[in-house]
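To start, the structure itself, in structure tokens.
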Amino acid sequence: MANKKKLSAKESEELLTILKARFEKNMNRHKGIEWTTVHAKLVAAAGAEKLWSLNEMEKTGGEPDVIGHDKKTGEYIFNDCSAESPKGRRSICYDHEALEARKEHKPENSAIEMASDMGIEILTEEQYRELQKLGNFDTKTSSWVKTPSDIRKLGGAIFCDRRYNTVFMYHNGAESYYAARGFRGSLKV
């Protein structure tokens, strides 16, 4: 499995070109951060699997970009910054338990499982609200966010979106899925 989570030299170069262009186009998302230091982290030997994860974010329509720097760990934080919830991650329920609970019309996957398979973390409500300070995201779609265990134990899950220039948090049954609901991920590099 580890070998599958590595990009070829050509794939890595193509992804780095995309990430650099997006970084330079959206400087408001990462004030005070230089591309050269992010690039160095990305090409480091430890970054091979992280590059693969970023590529998965890109392939599913997430448009990952740097949105912060963790001063304690020295890691850069990448979030999905696509205008709407990533298209390749929609029509999914919240988690595997919810997927198994559906008797018919099961979606193909769940948000928690997809994020795990991609090597990323689903955003928390707090992270989602922080992302919304950098732009207007999910004005036509919505995104599952990490649900507190006490809500999940009762069968629910939460999602967020932006309407009327306001970020809303809602609830649904964890087994529900909609064509306009996906999830946004985060990755530290």
Side-chain angles (χ1 to χ4, degrees), residues 1-7 11 15 18 22 49-65 67 77-132 134-188:
M1 191 74 157
N3 290 342
K4 291 181 182 179
K5 292 189 176 186
K6 187 174 182 187
L7 300 178
E11 290 170 325
L15 178 62
I18 291 167
R22 185 173 298 128
E49 196 166 312
K50 303 274 185 170
L51 267 181
W52 179 86
S53 293
L54 285 167
N55 195 57
E56 291 297 296
M57 292 170 81
E58 186 69 29
K59 280 182 4 186
T60 55
E63 300 178 19
D65 196 9
I67 55 96
I77 304 161
F78 282 82
N79 272 12
D80 288 308
C81 292
S82 54
E84 302 300 335
S85 195
K87 195 168 187 165
R89 297 186 234 153
R90 295 185 198 164
S91 295
I92 54 174
C93 60
Y94 180 71
D95 61 14
H96 185 72
E97 182 183 340
L99 182 65
E100 292 301 311
R102 287 196 70 93
K103 301 295 182 223
E104 54 186 37
H105 308 295
K106 289 186 179 203
E108 288 186 28
N109 211 335
S110 72
I112 298 297
E113 252 183 315
M114 279 186 84
S116 176
D117 290 347
M118 294 168 69
I120 63 177
E121 296 288 327
I122 189 170
L123 296 185
T124 64
E125 180 189 355
E126 180 182 354
Q127 290 168 322
Y128 186 90
R129 289 182 183 281
E130 285 299 312
L131 177 65
Q132 289 284 1
L134 301 176
N136 294 330
F137 302 99
D138 288 337
T139 60
K140 298 174 188 161
T141 58
S142 61
S143 296
W144 289 114
V145 294
K146 190 166 178 75
T147 298
S149 60
D150 55 336
I151 293 173
R152 184 61 196 99
K153 284 178 192 171
L154 296 172
I158 59 174
F159 64 94
C160 295
D161 64 21
R162 182 184 197 102
R163 303 290 190 274
Y164 311 108
N165 205 28
T166 303
V167 178
F168 290 95
M169 188 266 296
Y170 305 94
H171 60 87
N172 236 152
E175 73 286 344
S176 66
Y177 66 98
Y178 300 93
R181 182 174 308 146
F183 76 91
R184 292 178 180 275
S186 182
L187 179 72
K188 288 186 175 184

**Item:** Under 3.5 Å: donor-acceptor pair, side chain of Glu108, backbone of Ile92
**Value:** no
**Message:** Checking the side chain of Glu121 only, and the main-chain atoms of Ala115 only, is there a donor and an acceptor separated by less than 3.5 Å?
**Reply:** no
**Asked** Judged by atom type as modelled, is there a donor-acceptor pair below 3.5 Å linking the side chain of Ser85 to the main-chain atoms of Gly182?
**Response** yes
**Complete:** Between Asn79 and Ser186 the two heavy atoms that sit nearest each other are OD1-OG, 2.9 Å
**Prompt:** For Ile120 and Leu187, which heavy atoms make the closest approach, and how far apart are they?
**Reply:** CG2-CB, 4.2 Å
**Message:** Please determine whether the number of non-hydrogen atoms from other residues, nucleotides or ligands lying under 6.0 Å from atom CD of Glu125 exceeds 12.
**Reply:** yes
**Message:** With heavy-atom distances below 4.5 Å as the criterion, would you say the side chains of Cys93 and Lys106 are in contact?
**Reply:** no
**Message:** If I compare all heavy atoms of Leu51 with all of Leu15, which pair ends up nearest, and what's the gap?
**Reply:** O-CD2, 3.3 Å
**Request:** Answer whether the closest heavy-atom distance between the side chains of Pro86 and Met57 falls below 4.5 Å.
**Result:** no
**Prompt:** At what distance, to the nearest 0.5 angstrom, does CD of Glu100 lie from CD of Glu175?
**Reply:** 13.0 Å
**Complete:** Heavy-atom nearest pair, Phe183 first then Met114, reads CE2-CB, 3.7 Å
**Message:** So which atom in Phe159 and which in Arg181 form the shortest heavy-atom distance, rounded to 0.1 Å?
**Reply:** CZ-NH2, 2.9 Å
**Asked** Is there a donor-acceptor pair closer than 3.5 Å between any side-chain N or O of Arg129 and the backbone N or O of Val167?
**Response** yes
**Complete:** Between the CD atom in Glu126 and the SG atom in Cys160, the distance rounded to the nearest 0.5 Å is 11.5 Å
**Item:** Rounded distance [0.5 Å steps], CD in Gln132 versus OG1 in Thr139
**Value:** 9.0 Å
**Request:** Using a strict 4.0 Å threshold on nitrogen-to-oxygen distance, state whether Glu56 and Lys59 make a salt bridge.
**Result:** yes
**Prompt:** Among side-chain atoms of Ser110 and Asp95, is any donor-acceptor pair under 3.5 angstrom?
**Reply:** no
**Prompt:** Does any N or O in the side chain of Lys50 come within less than 3.5 Å of the main-chain N or O of Lys188, such that one atom is a donor and the other an acceptor?
**Reply:** yes
**Complete:** The single option from Asp80, Asp161, Asp138, Asp65 that satisfies salt bridge (Lys or Arg N to Asp or Glu O under 4.0 Å) with Arg184 is Asp138
**Distance under 6.0 Å and angle within 45° of ring axis: Arg152 vs Tyr94** = no
**Asked** NE2 of His171 to CG of Leu154: how many Å apart, nearest 0.5 Å?
**Response** 12.0 Å
**Asked** Which distance, rounded to the nearest 0.5 Å, do you find between the CZ of Arg163 and the CG of Asn136?
**Response** 11.5 Å
**Item:** Any Asp150 side-chain heavy atom under 4.5 Å of Lys153 side chain
**Value:** no
**Message:** So does Met118 get a backbone contact from the side chain of Ser53, meaning a donor-acceptor N/O pair under 3.5 Å?
**Reply:** yes
**Item:** Thr60 side-chain N/O to Glu58 backbone N/O, donor-acceptor pair under 3.5 Å
**Value:** no
**Request:** Taking Glu84 for its side chain and Lys140 for its backbone only, find out whether a donor-acceptor pair lies under 3.5 Å.
**Result:** yes
**Message:** If I compare all heavy atoms of Ala157 with all of Trp144, which pair ends up nearest, and what's the gap?
**Reply:** CB-CZ3, 3.4 Å
**Atom pair OH (Tyr170) and CD1 (Ile158), whose distance is rounded to the nearest 0.5 Å** = 13.0 Å
